[in-house]
Amino acid sequence: MNVLSKAIAVFDSGFGGISVLKKLLNVLPNENYIYLGDNYNIPYGDKSKEEITQLSIKILDFLIKQDCKMAVIACNTITASSYDILKEKYNIPIIEIISNGVEDIIDNTKNNNVSIMATEFTVQSNVYNDKILNYNKKIKITQVACKKLCPMIENDWYSYDDRVDVLEDYIKKIDDNSDTLLLACTHYPFILEDIKSIVNRKKTNIQNIIDPSTKIALSIKKYLIDNNLINTSGGNLKFFTTGNKKVFNDFISRYIKINYELERIVL
Ligand code: DGL
């Protein structure tokens with residue numbers, strides 16, 4: 001197969017990476033895509049580095065067998081845990097979300113005070129802290145681990161009566177002086193409206209709530225252009241889930257408006 005027509009493989013522990021895929025479909029509509037959501041094993045945010053690495057190796061082995069030209073880690077937790085290992089192990093280009101989130105933060109903060117909402121694993125790993133301080137040691141970073149959010153988003157956020165209380169408990173831990181809040185889990189853009197309304201009600205100093213999916217989509221476009229890998233005649237989309245096919249279909253059909261195939265797999 002001509003390398004340009006090979007798919008861009010996007011993966012996440014579940015539905016979160018769909019927030020990245022949606023942006024990619026806007027920015028690069030003529031590419032072929034495959035997406036893998038490991039909905040059976042979610043949440044990754046509560047797992048160990050070893051478990052996350054083992055699962056992400058199974059995912060990448062599977063995706064590479066589908067013949068893709070590059071892979072996109074549309075998951076902060078997998079990036080924080082295993083990007084360095086995956087980058088060494090595979091010889092296709094792998095693009096990850098965290099460096100894009102970090103650049104978004106640096107570009108947006110004016111008062112050098114930022115807050116980050118992420119999974120337990122991402123917060124514990126301190127990857128955001130380390131990378132941001134590498135750019136600018138003066139930035140004050142508050143990290144909030146939001147353990148309950150990802151499972152609730154996977155299982156239909158709007159069906160939970162206590163969702164606002166749960167979210168408020170996390171948002172009150174954000175530093176009131178932060179001017180920038182980064183959604184450092186790809187699931188959180190799906191509840192952006194609720195996050196915005198609580199942040200506004202709380203009268204914080206936050207001016208920017210950042211979803212880094214636009215930034216990563218543009219980085220991928222730049223990478224493809226710089227490396228002469230742009231496809232102008234694709235447009236196919238295939239999903240793989242390790243979870244329930246009907247649940248997966250119900251979720252993605254709300255956000256993806258083009259034709260797609262869907263297959264259930266066991267990793
Ligand atoms: N969507 C993933 C992220 O960006 C995490 C979800 C999980 O805990 O599996 O971190």
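Here, residue 1 is the first one in the sequence, and each next residue gets the next number. All values derive from a computational prediction rather than experimental measurement. In listed order, ligands and their atoms are each counted from 1.
- Atom numbering of ligand 1 starts at 1 in the shown order; those under 4.0 Å from a heavy atom of His187 are 1 (N), 2 (C), 6 (C).
- Note: no N/O pair closer than 3.5 Å links Thr122 and ligand 1 by distance alone.
- Within a 6.0 Å radius of NZ in Lys257, other residues, nucleotides and ligands contribute more than 12 heavy atoms.
- Within the 4.0 Å heavy-atom cutoff, Gly14 does not count among the residues contacting ligand 1.
- Atom numbering of ligand 1 starts at 1 in the shown order; those under 4.0 Å from a heavy atom of Thr77 are 3 (C), 5 (C), 10 (O).
- Salt bridge status for Asp179 with Lys110: absent, with no side-chain N to carboxylate O gap under 4.0 Å.
- Within the 4.0 Å heavy-atom criterion, the part of Ile42 lying near ligand 1 is the side chain and not the backbone.
- When heavy-atom distances to ligand 1 are checked against a 4.0 Å cut-off, Cys75 comes that close through both its backbone and its side chain.
- Counting only N and O atoms by type, the side chains of Glu51 and Ser48 include a donor and acceptor under 3.5 Å apart.
- At a heavy-atom cutoff of 4.0 Å, ligand 1 is contacted by both the backbone and the side chain of Cys185.
- Atoms of ligand 1 found under 4.0 Å from any heavy atom of Asp12, numbered from 1 in the order shown, are 1 (N), 2 (C).
- Residue contacts with ligand 1 for Thr119 involve side-chain atoms from C-beta outward but no N, CA, C or O (heavy atoms, distance under 4.0 Å).
- A salt bridge links Asp250 with Lys246: the closest approach of a Lys/Arg side-chain nitrogen to an acidic carboxylate oxygen falls below 4.0 angstrom.
- Considering Asn76, Ile153, Asp46 only, the shortest heavy-atom separation from atom 3 (C) of ligand 1 involves Asn76.
- Counting the atoms of ligand 1 from 1 in the order shown, those under 4.0 Å from a heavy atom of Tyr44 are 7 (C), 8 (O), 9 (O).
- For the pair Asp169 and Lys148, the salt-bridge criterion is not met [side-chain N within less than 4.0 Å of a carboxylate O].
- The shortest N/O to N/O separation between Gly45 and ligand 1 falls below 3.5 Å.
- Arg201 and Glu168 are joined by a salt bridge, as a carboxylate oxygen and a charged side-chain nitrogen come within less than 4.0 angstrom of each other.
- One finds a salt bridge joining Asp107 and Lys215 here, because a Lys/Arg side-chain nitrogen approaches an Asp/Glu carboxylate oxygen to under 4.0 Å.
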